[in-house]
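Everything below concerns the one structure shown next.
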Amino acid sequence: MIQTTENTIKQNATVARLLHHMASGYKYLGNQERFRAIAYEIAARTVNNLQADISAYAEDKKALDQLNGIGSSIAEKIIEYLKTGKVKKYEELKQQIPEELLDMMDITGFGPALVKVLHEQLGINTRAELLKAIDEGRLEGIKGFGNKKIENIKRGLHLFEEAQSRLLLWDALLAGNKILQAIRQFPEVRKAELAGSVRRGRETVGDIDIIVMATLKDQKKLADKIQKLPGIVRILAGGDTKVSLLLQNQTQVDVRIVTENAYGAALLYFTGSKEHNVRLRIIAREKGWKLNEYGLFDLKTDKYLAGKTEEEMYRYIGLQFIPPELREDKGEIDLAAKNKLPVLVTLKDIKGDMHLHSKWSDGEEEIEALARYVMKTFPQYEYLVVTDHSPSERISHGLEPDDFIRQFREIDQVNKKIGRDFIKKGVEVDILADGQLDLPDDLLEKFDWVVASIHSGLAQDNTQRLLKACEHPAVNCIGHPGGRLVGTRDAYPVNWRQLIDKAAATGTALEINAQPGRMDLQDDLVKMAIDKGVQLVIDTDAHAKMHFDLMQLGVTIARRGWCKKEDVLNTISWREVTALRNKKIKTKRKH
DNA sequence: GCCGTTTTCGGCCCGACTGTTTTCAGTCG
C-alpha cells in the first residue's frame with residue numbers, strides 16, 4: 001500500500017487527538033483519574049511524534065506496546081479505533097462530558113474545574129453558548145467568578161480565535177530578537193537569551209520566551225522597567241521574577257528574571273521541550289537529585305549542585321550537551337548518554353547559496369550587485385548560483401533559452417570584473433505536468449547547476465513528476481519539494497518514501513528552502529532523507545538582498561532534522577559540487 | 001494507565017502567578 005507522509009501525519013494526528021480528548025475527559029472526571037489522564041496525554045504525544053504511520057501497527061499490539069507511554073490498554077484502544085473508527089470507552093466518556101466541552105479545555109485559562117462549573121451550573125457545552133452567557137451576564141454572581149476571572153475567560157476565548165494563526169519561526173525570531181536587544185540595553189541585565197520553541201527552532205511559535213540574568217536586588221527594578229518597554233499593548237502578568245507581555249501583533253512574550261546560579265537551569269527549563277525536561281528530571285531523580293528551574297539540587301540535603309550554564313548541567317547529569325534543536329525527546333537523550341550525538345551543521349559550514357533570483361527574472365537586484373553584496377556580507381561564501389526562472393513561469397518573467405545564453409555572457413563579465421569566479425550559472429527549471437522540463441536538454445547541460453521545481457498543479461499527487469525530474473541527468477536538485485506555504489497552502493501529496501529513495505539512487509539533492517513561508521523540506525522529512533543518505537542543499541531562494549539572511553533559518557531547519565555538515569551539499573567546495581554534477585550526467589548517459 | 005538495574009505495586013516533575021478567598025485551588029509552562 002502506498003502511504004504518503006502527509007496522510008501519515010493526518011492519520012497519526014487523528015489518533016493523537018482522540019487520545020488527547022480521552023485525557024481531557026479523565027481530567028474532567030477529577031483528581032482520582034489524574035494519573036490516567038497523564039498517561040493518555042503522554043500516549044497522545046507519542047503518536048503525534050511518530051515517524052511511521054500508526055496504521056502500520058494495527059495488527060501488531062506488541063509493537064504498539066513497545067512505544068513510549070503506550071501499554072496494553074491504550075494499545076488495544078488504538079487498534080480498536082483503527083479497525084472500527086470508534087473506541088467504546090471514549091463513547092462512554094462522551095456520555096458524561098460532551099465532546100465540545102473537551103475541546104474547550106484546550107483554551108488558555110480553561111481547565112477541568114472551570115469547564116465543570118460552566119457545564120453543571122450554567123448548562124454551557126460550547127464556546128458559542130459561553131459567549132452568549134457572558135453577554136447575558138449569567139456568569140456574574142457564580143461563586144468564584146469575579147470580574148477579573150470573567151475578563152480572563154473572555155480573553156481566553158479571543159486568543160483561541162487568534163491562536164489559529166501561530167507566528168512563523170522567522171517572524172518570531174525577528175520579534176524576539178528585537179525585544180531581546182531592548183532588554184539587553186538595561187544596565188541591570190548581565191545576560192539575556194531567547195528560550196522556548198523559538199530557540200528549539202519549531203516552525204511555528206505560540207509565544208516568545210526570554211531568560212534574563214540579574215542580581216537578586218535588581219530583579220524587581222528590572223521587572224518594572226521591562227513592563228514599560230515601548231511596543232507593549234498589555235501586561236498579562238507582572239511579578240518580581242516573571243513578566244508576561246502582549247505585543248502589538250498579539251504575540252505573547254514571557255520574560256523570566258533569574259540570578260547567576262540559576263541562569264543555565266532557567267534556560268534549560270524554559271527552552272524545553274516539556275518532554276525533554278521531564279526525561280531529564282527523571283534521570284536526576286534516579287541519581288538522588290532534584291532538577292528545577294533554579295538548578296540541580298541534592299534531594300536529601302537540598303544542596304545546590306549545578307545551574308550556572310546548560311553545559312554544566314548536562315555534564316553533571318552525565319550527558320553530552322544537547323543542542324536546543326534536538327530537545328524533543330526523540331532519542332537525543334539516549335545518544336547523549338553514549339556520547340554519540342551527531343555534530344550538527346552550522347551557519348559557518350555553509351560555503352554558498354545555490355538557489356536565488358536576479359533582475360533577469362523576478363529578483364530585485366542585478367547580478368553584479370548581488371555578487372558584491374554577498375561577498376561583503378558573507379565573506380565565508382565561495383560561490384553564488386544564480387537560478388532564474390525558465391519560460392513557463394510567465395508571471396515571474398521566466399527566461400527563454402536565448403536569454404540564458406545572454407545571461408551566461410553577463411555572468412562571465414561580472415566574474416571578470418570582480419576578479420574571481422564567484423557567480424555560477426544556474427537555473428530553476430519548471431517541472432511540467434508530465435514530468436518533463438521546460439528547457440531543452442542540450443541547454444540544461446550547459447548550466448553549472450540545475451534546480452527543478454514544481455510551480456503548477458499544486459493540488460494533485462506530484463510523486464510521479466518529481467520522480468521523473470530526479471531521473472533527468474542534468475537535474476541536480478529538487479527545489480521546495482513539498483510545495484507548501486505554511487498556513488496558506490497545504491503541501492501537495494507526495495509519496496516521500498519513493499521520492500527519497502529515488503533521490504538517493506539518482507544522486508539528486510533535495511532542497512531545504514529557507515523562505516519563511518516555505519521551510520520546505522520540513523524538519524521531519526529532512527531526517528527521513530538523511531537517514532537514506534540523500535544529499536540536501538540549504539537555499540534562501542533569495543529575491544532581494546535581505547533574503548540572504550534566511551540561510552540561518554535554513555540551517556536551523558536542517559539542525560532540527562539532525563543534519564550533519566556531511567549531509568549538506570553547499571558545505572563543500574565548488575570543485576566537489578562540479579564533480580558530483582559531472583558524475584550524474586555521465587552515469588545517466590550510459591543508461 | 002504506565003512503568004521497573006532496589007520495585008509487578010505504588011509511585012507518577014515542580015514552582016510561579018492569579019484571583020478569590022483569608023489559606024488555597026486552579027492553571028500554566
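Within every chain, numbering begins at 1; the chains are lettered A, B, ... in the order of the sequence lines, protein sequences first and strands thereafter. Note that this is a predicted model, so its numbers are computed, not measured.
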Counting distance alone, no hydrogens or angles: does the base of dG29(B) have a donor or acceptor under 3.5 Å from a partner atom on the side chain of Y269(A)? yes
Output yes if the stacking criterion (under 5.5 Å between centres, under 30° between planes) is met for F35(A) over the base of dC2(B), else no. no
Scan every strand shown for a Watson-Crick or G-U wobble partner of dT8(B), both distances under 3.5 Å, and answer none if you come up empty. none
Taking the nucleotide of DNA chain B with the closest heavy atom to each, which residue, G109(A) or Y26(A), is nearer the 5' end? Y26(A)
Of T241(A) and S72(A), the one whose nearest nucleotide on DNA chain B sits closer to the 5' end is S72(A)
Shortest side-chain distance from [X], nucleotide among [options]:
X	options	value
A237(A)	dA16(B), dG19(B), dT18(B)	dT18(B)
P112(A)	dC2(B), dT27(B), dC14(B)	dT27(B)
K149(A)	dC2(B), dG29(B), dT20(B)	dT20(B)
N292(A)	dG1(B), dC14(B), dT20(B)	dC14(B)
A113(A)	dT27(B), dG19(B), dC2(B)	dT27(B)
D207(A)	dC3(B), dG15(B), dG29(B)	dG29(B)

When rounded to the nearest Å, what value does the distance between [atom1] atoms of [N] and [M] take?
N	M	atom1	result
dC28(B)	dT20(B)	P	16 Å
dG1(B)	dT7(B)	P	26 Å
dT8(B)	dC3(B)	C1'	9 Å
dC14(B)	dC9(B)	P	25 Å
dG26(B)	dT21(B)	C1'	13 Å
dT18(B)	dT23(B)	C1'	15 Å
dG10(B)	dA16(B)	C1'	29 Å

When the ring planes of Y90(A) and H21(A) are compared, do they come out parallel, tilted or perpendicular, using 30° and 60° as the limits? parallel
Considering every strand and a 4.0 Å limit on heavy-atom distances, what is the contact class for I38(A): base, sugar-phosphate, or nothing? nothing
So N31(A), base contact, sugar-phosphate only, or nothing? Heavy-atom distance under 4.0 Å. nothing
side-chain N/O K77(A) vs dG1(B) OP1/OP2, d < 4.0 Å: yes
State, to 0.1 Å, how close G206(A) and S197(A) come at their nearest heavy-atom pair, and which atoms those are. N-OG, 4.5 Å
Could you check E328(A), E325(A), E275(A) and say which one makes a salt bridge (Lys or Arg N to Asp or Glu O under 4.0 Å) with R200(A)? E328(A)
Enter the distance from K154(A):NZ to L130(A):CG here, rounded to the nearest 0.5 Å. 10.5 Å
